[in-house]
Trainee: 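The structure under discussion is supplied below as structure tokens; questions concerning it will follow.
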Amino acid sequence: MNVEQVKQWMQLFSAEIEKNKDYLSQLDTDIGDGDHGNNMARGVKAVEAGLAKDQPTDLAQTFKSIAMSLISKVGGASGPLYGTAFLEMAKAAKDDENDLPALLQAAAAGVAKRGGAKVGDKTMVDVWLPAAADAKQGQLNDAVIDKLVAATKPLRALKGRASYLGERSIGHLDPGAVSTGMLLKTLLQATK
Amino acid sequence: MNVEQVKQWMQLFSAEIEKNKDYLSQLDTDIGDGDHGNNMARGVKAVEAGLAKDQPTDLAQTFKSIAMSLISKVGGASGPLYGTAFLEMAKAAKDDENDLPALLQAAAAGVAKRGGAKVGDKTMVDVWLPAAADAKQGQLNDAVIDKLVAATKPLRALKGRASYLGERSIGHLDPGAVSTGMLLKTLLQATK
Amino acid sequence: MAANTQTGMVLVSHVPEIVAGITKLIRQVAPDVALTTAGGTSDGDIGTDATHILQAIDANPATDLMVFYDLGSAKMNLDLVTDMTDKPLHRYDVAFVEGAYTCAALLQAGDSRAEIEKQLAPLKIK
Amino acid sequence: MAANTQTGMVLVSHVPEIVAGITKLIRQVAPDVALTTAGGTSDGDIGTDATHILQAIDANPATDLMVFYDLGSAKMNLDLVTDMTDKPLHRYDVAFVEGAYTCAALLQAGDSRAEIEKQLAPLKIK
Ligand SMILES: Nc1ncnc2c1ncn2[C@@H]1O[C@H](COP(=O)(O)OP(=O)(O)O)[C@@H](O)[C@H]1O
Ligand SMILES: Nc1ncnc2c1ncn2[C@@H]1O[C@H](COP(=O)(O)OP(=O)(O)O)[C@@H](O)[C@H]1O
Ligand SMILES: [Mg+2]
Ligand SMILES: [Mg+2]
Ligand SMILES: [Mg+2]
Ligand SMILES: [Mg+2]
């Protein structure tokens, strides 16, 4: 992975979020507070502005810039979660790591730690952790990602706002899992 | 007890509260939110205005008028507590009860029930319940009342705002116990 | 998944801003819930009084009310008010913000009072 | 009985009015406590963000901070911020209003953090 690919990734992700903003907010209306699309849209806009301003020249700087934008602008749980993912990739990249599976592994572990969620709790962690494991096996692709996202639907939420709904959270996709699916699919596109 | 005596009682109590407003608020500053004097002053002013407006002709109406004024104007825990005391006396008076010890008994039981406090919890109940029992024995006087009030000082509060302070509530008089002392002493004056 | 609007919520706080703020938090997840509030005394001071609480109860369109409050004097006023209104009042001695948020989210999801009470049980602290 | 002003308090909420209201409630019993707040996002929207929380931490004159919050995203932002500041942050997963009120009353009475933590323990609900 290199700086140009990350920038490409962020452009693709940004476009995807913009396109699906209302959809993500609708998913979040069903089992949350209805702001996930707006939160992410605010986030990716800040990421683009941040990269333009910071002009990072190496991977670590690039990830750090993205992380800081997400942390300060998303304004929901997904802010510190995605922010931590990119902070962890920045840390790994500082140690000269640019292998995609290793970076994803660091990101996924960071997200899981930040939220205290396990796989099966119906959060974005349900996509992050298995996807990172699949990437390590060289088996991450769009179909795998779609399956991980879809698998959140029958679950009962144990973390985040949806967990307040108890049983009522069953039968809905987790909004953060859906946006994580978009993040990973655009990553595959940008690095293929 | 008759209507004229109750009116006399309220005038004496009102004057006593007015005179000790700052003292009561200071006691409440030490182990509460510092408003007990103001709360009571607002309450007794409303009582006087209420009685002038309602022009009650029997004991039950008189107690009811006092209760409603306290309930709607005190604005602190002492509002529902004193309000309940007078509501209970109004109920008892409706059953043609005008014997002072019996009325006090009804009031004290009402206060204890409303606040869920026992004797020893460092609240106004520490004065109400023993004083009502003493009245029944014909042994209620100023010295007895002063002793009951003073006995709240070494206690640790288990109810009300002071209970948040735990051990720190020890060594202070309970403000509601002090105002209850004033209420009972002026009652003795008005009925002697 | 229609909201439960037969059961309403009443919030009682010593401070007007607290119930105004919780209302904002709740409205994000529960736009349709029958919610009324009494923040501060009738005169707008810090404190609670029965008159103000009765107004919030009367103003609530629901028939059955779940009530949340901050501190003890609100609790005593609530108990007093229970004797003064015909509407069934259910008082919860739970964490104020967290309990009210949970209740609102579940009413919006259509849950019954009995179902919601199960979720409120672990939040009891008073 | 001098107030403990070495230990401060930070309140984090999704909604500005909630922390403004709790501050009013607290100031009645704890005029001298070192208290700062972050209500809503930096932009004034409903939500929380690390930048706003950091501002409240920096603005607090105390050296050791006890932190209270409403919902989970505030908690995650707090944990993130813990890595970004030198001030020791102690996060309490307790009932928000009730925990903050208790803490403030005890700091005003001069209690130490260790003593206060004992009183906060029964309020843990998160
Ligand atoms: N504790 C947690 N661990 C992991 N992911 C979480 C956690 N809490 C929330 N999330 C994720 O965040 C998403 C919601 O994000 P968003 O709507 O932006 O934040 P908020 O819930 O604060 O409004 C959820 O769909 C879920 O995937
Ligand atoms: N649960 C209770 N049972 C009996 N008395 C109580 C209770 N809570 C508070 N009190 C009494 O009320 C007094 C405080 O009254 P006040 O200052 O007017 O109300 P607040 O505490 O709401 O500001 C206390 O000193 C105590 O005597
Ligand atoms: Mg959301
Ligand atoms: Mg949100
Ligand atoms: Mg008081
Ligand atoms: Mg008060």
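Naming: A, B, ... by sequence-line order, numbering from 1 per chain.
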Trainee: Donor-acceptor check, side chain of D70(D) to backbone of S13(D), threshold 3.5 angstrom: yes or no?
Mentor: no
Trainee: Examine distances only and state if a side-chain atom of N4(C) and a backbone atom of D111(C) form a donor-acceptor pair shorter than 3.5 Å.
Mentor: yes
Trainee: Which atom pair, heavy atoms only, marks the closest approach of N60(C) to V10(C)?
Mentor: ND2-CG2, 3.9 Å
Trainee: Quick one: which residues of residues 77-103 of chain C reach chain D at under 4.5 angstrom, heavy atoms only?
Mentor: V94(C), A95(C), F96(C), V97(C), E98(C), Y101(C)
Trainee: Give a yes or no on whether Q55(D) atom CD has more than 12 heavy-atom contacts from other residues, nucleotides or ligands under 6.0 Å away.
Mentor: yes
Trainee: Per the side chain to side chain contact (heavy atoms under 4.5 Å, CB included) rule, which among I18(C), V19(C), V12(C) passes with T37(C)?
Mentor: V19(C)
Trainee: Does the pair S73(D) and H14(D) meet the rule for a side-chain hydrogen bond (donor to acceptor under 3.5 Å, both in side chains), with working shown?
Mentor: CA-CA 9 Å; S73(D) 83; H14(D) 281 65; 2.9 Å; yes
Trainee: Nearest 0.5 Å, please: how far is CE in M9(D) from CD1 in I22(D)?
Mentor: 8.5 Å
Trainee: CG of L11(D) to OG1 of T36(D): how many Å apart, nearest 0.5 Å?
Mentor: 7.5 Å
Trainee: Residues two or more places apart in sequence or in another chain: which of them pass side-chain hydrogen bond (donor to acceptor under 3.5 Å, both in side chains) with K75(D)?
Mentor: none
Trainee: Which residues in residues 23-35 of chain C have any heavy atom lying under 4.5 Å from a heavy atom of chain D?
Mentor: K24(C), L25(C), Q28(C)
Trainee: Just checking heavy atoms, which of residues 114-126 of chain C are less than 4.5 Å from chain D?
Mentor: P122(C), L123(C), I125(C), K126(C)
Trainee: Tell me whether T41(D) contacts the main-chain N or O of D43(D) through its side chain, where contact means a donor paired with an acceptor under 3.5 Å.
Mentor: yes
Trainee: Could you check T51(D), I57(D), D49(D) and say which one makes a side chain to side chain contact (heavy atoms under 4.5 Å, CB included) with I53(D)?
Mentor: I57(D)
Trainee: With distance as the sole test, does T7(D) use its side chain to make a donor-acceptor pair with the main-chain N or O of R113(D) at under 3.5 Å?
Mentor: no
